[in-house]
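Below you'll find the structure, written out as structure tokens, and then a few comments.
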Amino acid sequence: MKILANDGIDPIGKQMLEDAGFFVETRNIPQDELPVKLQEYDAITVRSATKVRAALIDACPNLKLIGRGGVGVDNIDVDYAKLKGISVYNTPASSSLSVAELVFASLWGCVRFLPDSNRKMPVDGATKFNDLKKAYAKGVELRGKTLGIVGFGRIGREVAKIALGVGMDVIAYDLYEFIPNVEVILGGGIVVHAKVKVATLDDVIKQSDFITLHTPFIDKALFGATELAHTKKGVGLVNISRGGLIDELALIDALNSGQVSFAALDVFDNEPTPREEILKHPKVSLTPHIGAATNEAQERIGVELAGLIIEHFRH
Ligand code: NAD
């Protein structure tokens with residue numbers, strides 16, 4: 001069995017597959033060459049970069065399995081693959097904590113102006129030091145503020161645990177999921193059970209100091225001009241979920257008017273070439289879709305994916 005790990009795979013996962021007798025090639029074959037080159041393989045693993053669309057599936061009749069290291073399978077035509085008898089696996093739980101930690105890296109960064117200060121200090125440097133000091137004088141603390149979570153699945157819950165540990169009030173809205181109590185693990189192994197306030201989307205919009213989105217993208221923005229107009233003045237937004245969940249043009253207007261004080265974005269409308277106004281906006285914190293990109297998450301993803309592939313071909 002030959003497996004192409006086209007967007008890479010953690011070495012431990014690769015080793016597990018090789019120990020189980022698979023031949024694993026880690027390559028980065030460009031998308032337009034895949035219809036020919038993937039024909040040699042029985043399975044492909046991808047992250048978010050490689051697309052496995054119907055045309056590629058049609059070109060590769062030997063393909064039996066598609067593995068997605070990560071959560072979102074929007075780069076794979078899953079229904080078409082299944083129709084053709086190809087199994088599709090993802091690793092939904094492995095990266096939740098890493099994504100949740102990036103939410104807080106972004107939030108803490110933004111409330112103390114780190115993205116803008118990192119942009120400006122190297123340029124304006126010593127000459128403007130005191131001006132910049134004044135510009136960034138009104139930072140805020142997270143403790144005691146209300147965090148609104150939209151989408152209370154795996155990542156939303158991890159975010160809630162950290163937020164409760166930090167001392168924030170948490171309100172959460174989910175279209176489908178029951179909102180449970182969460183276990184918050186404090187230092188020294190102390191575990192406390194805490195409550196998350198169940199809210200409507202409207203409550204989250206109106207009551208939150210910061211809002212973080214953790215839903216899939218279905219077909220339209222959850223936050224457009226109307227929703228942004230009804231938030232608290234100066235709300236901070238985080239989207240480490242999927243581009244399109246916040247209408248970027250409406251967001252730019254809201255940032256410019258001060259309705260939104262900052263947006264921390266890891267995902268964009270047009271990846272990998274986000275629009276200039278977003279990339280250059282002083283109130284936007286940018287990361288290039290790296291929510292799951294920690295050593296720990298990548299190792300867990302590789303191990304989980306390898307386990308799923310081994311189990312699949314065992315039967
Ligand atoms: P999940 O399926 O566990 O949770 C999603 C939750 O959203 C579910 O509880 C669902 O009921 C809820 N939901 C769906 N539509 C909704 C709506 N319209 N309004 C409110 N709630 C809604 O998924 P997850 O593992 O928590 O992942 C969440 C998102 O994060 C996904 O879009 C995933 O692609 C993204 N993600 C991004 C990165 C990154 O690198 N930036 C990494 C991992 C996951």
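These values consider heavy atoms only, across backbone and side chains, with no hydrogens, waters or symmetry-generated copies. Ligands are counted one by one from 1 in listed order, and the atoms in each one are counted from 1 as well.
The shortest N or O to N or O distance between Leu222 and ligand 1 is not below 3.5 Å. For ligand 1, the polar-atom distance check against Ile155 finds a nitrogen or oxygen pair separated by under 3.5 Å. The shortest N or O to N or O distance between Ser95 and ligand 1 is not under 3.5 Å. The shortest N or O to N or O distance between Val71 and ligand 1 is not below 3.5 Å. Remark: ligand 1 and Ser96 share no N or O pair separated by less than 3.5 Å (distance only, no angle test). In terms of N/O distances under 3.5 Å, ligand 1 is not approached by Val150.
Side-chain contact, Thr50 with Asp7: a donor N or O sits under 3.5 Å from an acceptor N or O. Gln259 and Thr231 share a side-chain donor-acceptor pair at under 3.5 Å. Side-chain polar atoms of Asp58 and Tyr80 form a donor-acceptor pair below 3.5 angstrom. Using modelled atom types and a 3.5 Å distance limit, the side chains of Tyr41 and Glu25 yield a donor-acceptor pair. Between the side chains of Ser96 and Glu158, not a single donor N or O lies within less than 3.5 Å of an accepting N or O. Donor-acceptor pairing under 3.5 Å is recorded for the side chains of Gln298 and Arg47. When only modelled atom types and interatomic distance are considered, Asn295 and Glu299 share no side-chain donor-acceptor pair under 3.5 Å. Looking at Thr212 and His214, their side chains do bring a donor and an acceptor atom within 3.5 Å of each other.
For atom 14 (C) of ligand 1, the closest non-hydrogen atom of the protein is Pro216 CD, 3.5 Å. Counting only heavy atoms of the protein, atom 19 (N) of ligand 1 lies nearest to Tyr173 CE2, 3.5 Å. Among all non-hydrogen protein atoms, the one lying nearest atom 6 (C) of ligand 1 is Asp174 OD2, 3.6 Å. The closest protein non-hydrogen atom to atom 22 (C) of ligand 1 is Thr215 CG2, 3.5 Å. If you check which protein heavy atom lies closest to atom 29 (C) of ligand 1, you get Ser241 OG, 3.0 Å.
Atoms of ligand 1 lying under 4.0 Å from at least one heavy atom of Val99, given by number and element, are 42 (C), 43 (C). The distance from ligand 1 to the heavy atoms of His214 drops below 4.0 Å at these ligand atoms: 5 (C), 6 (C), 7 (O), 28 (C). Within ligand 1, counting atoms from 1 as listed, the ones closer than 4.0 Å to a heavy atom of Gly151 are 7 (O), 21 (N). With ligand atoms numbered from 1 in the order given, ligand 1 contributes 32 (O), 34 (O), 37 (C) to contacts under 4.0 Å with heavy atoms of Arg242. If you number the atoms of ligand 1 from 1 as listed, the ones under 4.0 Å from a heavy atom of Ala292 come out as 40 (O). Within the listing of ligand 1, atoms 39 (C), 40 (O), 41 (N) sit less than 4.0 angstrom from a heavy atom of His289.
Ranked by closest heavy atom to atom 4 (O) of ligand 1, the top entry among Ser48, Gly153, Pro92 is Gly153. When Ile240, Leu201, Leu175 are checked for heavy-atom proximity to atom 21 (N) of ligand 1, Leu175 turns out nearest.
Residue-level proximity to ligand 1 for Arg154 is carried by backbone and side chain together, each with a heavy atom below 4.0 angstrom.
Between the side chain of Asp209 and the main chain of Lys145, no donor-acceptor pair closer than 3.5 Å is present.
For Phe22 and Phe313, the ring centers sit closer than 6.0 Å to each other.
Between Leu17 and Ile309 there is a side-chain heavy-atom pair separated by less than 4.5 Å.
Contact analysis leaves Gly70 out of contact with ligand 1, as no non-hydrogen atom separation drops below 4.0 angstrom.
With sequence neighbours left out, the salt bridge (charged side-chain N to carboxylate O under 4.0 Å, His left out) criterion links Lys283 to no other residue. Residues passing the salt bridge (charged side-chain N to carboxylate O under 4.0 Å, His left out) test with Lys64 are Asp42, sequence neighbours excluded.
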